[in-house]
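So the structure is just underneath, and the comments pick up after that.
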Amino acid sequence: MAAELTVLHAGYAHDDGVASSVVFVRDGDAFIVVDPGMVRGTELILDPLAALGVQPGQVTDVVLSHHHPDHTWHIALFPAARVHDVWAVYQGDQWEDEPAEDRQISGHVRLIETPGHTPQDITTLVDTADGLVACTHLWWDAEGPPEDPRGTDAEALHAGRARVLALTPVRSVRGHGAAFTPDKSTPR
């Protein structure tokens, strides 16, 4: 059985505020939250999670796409979870060095390293019944811009985009905004 993915909160980045896209993935016994970052109120994360029948203490894993506060701000909502970033897996007072590249979180969820926005960016790949979904900060929008206005390495960003697009995802959940379906016009 494939993983189920739900966008709990579609993020945004405007002059009047910033919020991350927050994703929940149910894969068997694994309950995974991706980027529990800045939102106007914690209820924007917790209420949709509760509607799925999940309490914060049941979340087994949290993935941080990178270390900017707008993607990490509400990590403490999930105190029992293992936390995954580009370098390691953390839980309680334990720190286990483990590169994110091809790290399998559950049967249908794995991580790959996709620097560009920051040197530490990772993409969460989720195999769903509809196909592969990529939770990533590689794109600001389905139409662009071709260059990340806050990116640290344009060459790495374009390589990451090409890598993810070669996996033929059916959907990309971007760091700030609605998910989109990548196609031939998606910036590489």
Side-chain angles (χ1 to χ4, degrees), residues 1-12 19-67 70-86 88-92 94 96 98-114 121-139 142 164-165 167-182:
M1 176 172 240
E4 299 170 18
L5 183 144
T6 304
V7 176
L8 301 176
H9 182 267
Y12 50 86
S20 69
S21 294
V22 183
V23 173
F24 174 71
V25 178
R26 184 188 312 251
D27 188 17
D29 293 337
F31 291 6
I32 304 162
V33 172
V34 180
D35 281 350
M38 292 171 65
V39 295
R40 290 191 196 270
T42 58
E43 70 278 0
L44 296 174
I45 297 171
L46 296 178
D47 289 354
L49 195 61
L52 296 171
V54 178
Q55 297 302 309
Q58 293 177 282
V59 172
T60 59
D61 297 90
V62 170
V63 177
L64 305 176
S65 65
H66 60 291
H67 292 131
D70 55 322
H71 294 272
T72 64
W73 196 258
H74 290 298
I75 192 171
L77 292 173
F78 310 104
R82 296 181 307 164
V83 177
H84 302 263
D85 71 3
V86 70
V89 179
Y90 315 88
Q91 188 170 29
Q94 300 299 302
E96 183 179 332
E98 184 181 339
E101 185 62 32
D102 286 324
R103 185 183 312 152
Q104 201 74 35
I105 294 179
S106 63
H108 298 94
V109 180
R110 71 182 172 101
L111 306 176
I112 60 172
E113 296 179 18
T114 52
D121 268 59
I122 58 178
T123 293
T124 303
L125 299 172
V126 182
D127 287 313
T128 70
D130 295 327
L132 183 70
V133 177
C135 302
T136 187
H137 210 298
L138 289 168
W139 291 277
V164 168
L165 290 172
L167 299 172
T168 60
V170 297
R171 192 163 45 138
S172 177
V173 180
R174 56 196 177 99
H176 301 282
F180 70 96
T181 301

Under the side chain to side chain contact (heavy atoms under 4.5 Å, CB included) test, residues paired with Ser172 that sit two or more places apart: Thr136, Trp139, Phe180, Pro182

Does the side chain of Val164 reach to within under 4.5 Å of the side chain of Thr114, using non-hydrogen atoms? yes

Kindly say whether Asp70 contributes a backbone atom to a donor-acceptor pair with the side chain of Ser20 at under 3.5 angstrom? yes

Counterpart residues, salt bridge (Lys or Arg N to Asp or Glu O under 4.0 Å), relative to Asp29 (two or more places apart): none

Donor-acceptor contacts under 3.5 Å from residues 124-131 side chains, at least two apart:
residue	atom	partner	partner atom	Å
Thr128	OG1	Asp130	N	3.2
Thr128	OG1	Gly131	N	3.3
Thr128	OG1	Gly131	O	2.6

Consider only side-chain N and O atoms of Asp121 and His137, and report whether a donor and an acceptor are under 3.5 Å apart. no

Min side-chain heavy-atom separation Ser106-Val25 under 4.5 Å: no

Using only atom types and a distance under 3.5 Å, with no angle test, would you say the side chain of Glu101 pairs donor to acceptor with the backbone of Glu113? yes

Checking Ser21 side chain against Ala10 main chain: does a donor-acceptor pair fall under 3.5 Å? no

Atom pairs and distances, donor-acceptor, side-chain atoms in residues 74-84, under 3.5 Å, two or more places apart:
residue	atom	partner	partner atom	Å
Arg82	NE	Asp61	OD2	2.8
Arg82	NH2	Asp61	OD2	2.7
His84	ND1	Arg103	NH1	3.3
His84	NE2	Asp61	OD2	2.8

Is the closest side-chain heavy-atom distance between Asp35 and Val63 below 4.5 Å? no

Is there side-chain contact between His71 and Val34, with at least one heavy-atom pair below 4.5 Å? no

Non-neighbouring partners of Ala88 that pass side chain to side chain contact (heavy atoms under 4.5 Å, CB included), sequence neighbours left out: Asp85, Tyr90, Trp95, Asp97

Please list, one pair per line, the donor and acceptor atoms closer than 3.5 Å that link side chains of residues 36-58 to other protein atoms, with sequence neighbours excluded.
residue	atom	partner	partner atom	Å
Arg40	NE	Tyr12	OH	3.1
Gln58	OE1	Gln55	N	2.7

Find out whether Leu132 and Val170 are in side-chain contact, i.e. whether some heavy atom of one side chain is under 4.5 Å from a heavy atom of the other. no

Run the numbers on Arg171 and Leu5 for side-chain contact (heavy atoms from CB on, under 4.5 Å), then give the verdict. CA-CA 11 Å; Arg171 192 163 45 138; Leu5 183 144; 3.6 Å; yes

4.5 Å side-chain heavy-atom contact, Val173 and Val133: yes

Verify, without hydrogens or angle tests, whether Asp27 (side chain) and His108 (backbone) share a donor-acceptor contact under 3.5 angstrom. yes

